[in-house]
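Below, chains carry the letters A, B, ... as their sequence lines are ordered, and counting in each starts from 1. Quick caveat: nothing in here was measured; it's all calculated off a predicted structure. Worth knowing before you read on, the calculation uses all heavy atoms, side chains too, and leaves out hydrogens, waters and symmetry mates.
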Amino acid sequence: MTETAGPAGTIILAQAEHATPAETHAGTEAHGGGHGGGGAFPPFDSSTFAGQILWLAIFFGLLYLLMSKVAIPRVANIVEGRAERIAGDLAEARRLRAESKAAGEAYEKALADARSKAQAIASETRERVSKEADDNRKRTEAELNARLEAAEALIGATKAQALSNVRVIAVDAASAIVERLAGASAPAAEIERAVDASLAR
Amino acid sequence: MAGALDPIHQFQIVPLIGEGAFAFTNSAAYMALTVVLITGFLMIGTSARTLVPGRLQSLAEMSYEFVAGTVRQTSGDSGMKFFPLVFSLFMFVLFANLIGLIPYTFTVTSHIIVTFALSMVVMLTVVIYGFAKHGTHFLHLFVPSGVPGYILPLVAAIEVISFLSRPISLSVRLFANMLAGHITLKVFAGFVTMLSASLGGVGLALGVLPLILAIGITALEFLVAFLQAYVFTLLACMYLNDALHPGH
């Protein structure tokens with residue numbers, strides 16, 4: 001095809017230089033069967049316009065149909081599917097973060113609760129122990145006091161008894177001394193009075 | 001030989017199947033190839049549907065998000081109703097431009113009628129949607145608010161002319177860039193063979209210079225192929241934005 005088109009094209013180009021536009025057109029028509037628009041500068045050869053517009057309409061129309069019905073929805077599906085997937089993943093990540101934050105807070109709270117509870121138990125125990133110790137101490141003190149009192153009472157009784165013994169001994173001794181010195185026994189009431197007086201001193 | 005060195009030869013439209021005006025030409029075949037490659041690229045790219053995309057899938061997603069970002073930036077979320085159209089336009093122009101960069105291929109977008117038809121798709125969408133959605137309010141597009149009455153006719157006339165010239169500027173920009181780039185490439189590549197053919201060894205040595213240039217221009221053309229697809233899409237979005245919000 002190119003072998004024949006080449007030289008012929010040059011010849012017709014040479015003709016066209018001297019031809020009026022109408023003649024060029026006629027020349028083109030004559031050679032139209034061999035190669036579309038051999039005469040004029042091809043892009044300006046109006047004899048090819050109708051055919052080019054027809055085929056462009058057919059193929060561009062086909063392209064438009066293919067793009068709008070098949071290709072664009074496919075690509076859009078992928079692109080928007082990815083956008084949705086990313087948005088979904090982000091939302092999921094956000095949700096998980098909130099969840100883990102809540103779990104962390106719950107853990108902190110449980111820890112604080114446990115700590116305060118432990119403190120409560122410790123203080124309660126401390127109180128109980130100190131109260132017990134207090135009670136023990138009080139009871140022991142009361143016991144000791146009671147014993148002390150009993151001992152004091154005993155001491156008092158013993159002392160009183162001892163004192164009364166001393167009086168009896170003193171009366172006996174005084175009456176014996178009087179008897180020895182005076183040779184006569186003095187009346188017991190008088191001696192007792194004298195002993196009491198000196199004991200009271 | 002003439003065909004091989006003629007920089008215009010690459011834009012020749014040749015019927016492949018059938019005859020006459022509506023024959024299946026090389027242009028039609030490359031349009032079909034463009035559609036097949038775009039669809040194949042997107043379908044294979046999205047076949048794995050993995051969460052972490054592979055190379056092809058991330059390219060498919062990137063093209064989707066790139067166009068979606070452009071639409072949202074220029075006309076907001078309400079512009080997304082035009083997204084299939086804008087996406088088809090971007091992919092069609094980009095793939096047609098890139099396919100054209102492969103040697104011996106035909107560049108669909110190097111024909112002004114193709115780029116003009118594509119821009120008319122945009123403009124007709126703007127006009128039809130604008131009138132259907134806003135009725136006569138759509139005409140406020142040509143009457144900017146806050147302009148004093150005595151210069152309003154002039155401003156309105158300018159607005160109308162600028163609106164009417166949009167499809168022309170939109171189509172000529174893409175067409176001219178593709179055409180000029182491919183002619184430049186072909187001319188510089190032609191220098192290499194011409195030099196070596198006519199001057200022998202010296203020519204072969206000298207031919208290194210246009211070869212380096214051709215390589216540089218090829219890289220530039222890749223940038224232009226992408227950039228023009230982007231510019232076409234961006235302007236289409238801005239024009240479609242007028243259909244959505246005609247009151248400026």
*Asks:* If you count heavy-atom pairs under 4.5 Å between each of B:Gly45, B:Pro53, B:Gly18, B:Ala117 and chain A, which one has the most?
*Replies:*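 It is B:Pro53.
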
*Asks:* Sort out for me which of A:Leu63, A:Leu66, A:Val79 touches chain B most, counting heavy-atom pairs under 4.5 Å.
*Replies:*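 Highest number of pairs under 4.5 Å: A:Leu63.
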
*Asks:* Where does A:Ala76 contact chain B at under 4.5 Å (heavy atoms): side chain, backbone, both or neither?
*Replies:*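 Both backbone and side chain.
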
*Asks:* Given 3.5 Å as the limit, does a donor-acceptor pair link the side chain of A:Arg74 with the main chain of B:Leu42, or not?
*Replies:*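 No.
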
*Asks:* Checking A:Arg85 against chain B: side chain, backbone, both or neither under 4.5 Å from a heavy atom?
*Replies:*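 For A:Arg85, the contact with chain B is made by the side chain alone.
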
*Asks:* Should we say atom CD of A:Glu141 is surrounded by more than 12 heavy atoms from elsewhere, each under 6.0 Å from it?
*Replies:*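 Yes, enclosed.
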
*Asks:* Picking from A:Leu54, A:Ile53, A:Leu56, which has the most non-hydrogen pairs under 4.5 angstrom with chain B?
*Replies:*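 With the most close heavy-atom pairs to chain B, the winner is A:Leu56.
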
*Asks:* Looking at B:Ser27, B:Ala60, B:Ala32, which has the largest count of heavy-atom pairs under 4.5 Å with chain A?
*Replies:*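 Highest number of heavy-atom pairs under 4.5 Å: B:Ala32.
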
*Asks:* Can you confirm whether B:Met120 is buried at CE, in the sense that more than 12 heavy atoms of other residues, nucleotides or ligands lie under 6.0 Å from that atom?
*Replies:*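 For B:Met120, atom CE is crowded (more than 12 foreign heavy atoms under 6.0 Å).
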
*Asks:* Set out, in order, the CA-CA distance, both residues' side-chain angles and the distance that settles side chain to side chain contact (heavy atoms under 4.5 Å, CB included) for B:Ile8 and A:Phe41, then state yes or no.
*Replies:* CA-CA 7 Å; B:Ile8 305 302; A:Phe41 181 56; 3.3 Å; yes

*Asks:* Do you know the tightest heavy-atom contact between B:Phe22 and A:Trp55?
*Replies:*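 Nearest heavy atoms, B:Phe22 then A:Trp55: O-NE1, 3.4 Å.
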
*Asks:* How many angstroms lie between atom OG1 of B:Thr39 and atom CE of A:Met67, to the nearest 0.5 angstrom?
*Replies:*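 Here the interatomic distance stands at 4.0 Å.
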
*Asks:* Which distance, rounded to the nearest 0.5 Å, do you find between the CD1 of A:Ile78 and the CD of B:Gln57?
*Replies:*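 Reported to 0.5 Å precision, the distance equals 4.5 Å.
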
*Asks:* Write down the atom of B:Phe175, the atom of A:Pro43, and the distance for their closest heavy-atom approach.
*Replies:*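 So the minimum-distance heavy-atom pair works out to CE1-CB, 3.6 Å.
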
*Asks:* Supply the atom-to-atom distance B:His111 NE2 to A:Phe49 CZ, rounded to the nearest 0.5 angstrom.
*Replies:*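 Reported value, rounded in 0.5 Å steps: 9.0 Å.
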
*Asks:* What pair of heavy atoms forms the shortest contact from B:Pro84 to A:Tyr64, and how long is it?
*Replies:*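 Heavy-atom minimum between the residues: C-CE1, 3.7 Å.
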
*Asks:* What's the shortest heavy-atom distance between B:Tyr64 and A:Glu80, and which atoms?
*Replies:*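 For B:Tyr64 and A:Glu80, the tightest heavy-atom pair comes out as OH-OE2, 3.7 Å.
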
*Asks:* To the nearest 0.5 angstrom, please state how far the OH atom of B:Tyr30 sits from the CZ atom of A:Phe59.
*Replies:*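 Here the interatomic distance stands at 13.5 Å.
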
*Asks:* Could you walk me through whether B:Leu85 and A:Phe60 satisfy the side chain to side chain contact (heavy atoms under 4.5 Å, CB included) test, starting with their C-alpha distance in whole Å, then the side-chain angles of each, then the deciding distance to 0.1 Å, before giving a yes or no?
*Replies:* CA-CA 10 Å; B:Leu85 175 66; A:Phe60 190 74; 4.2 Å; yes

*Asks:* Atom CD1 in A:Ile72, atom CE in B:Met91: separation rounded to 0.5 Å?
*Replies:*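 Between A:Ile72 CD1 and B:Met91 CE, I get 9.5 Å after rounding to 0.5 Å.
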
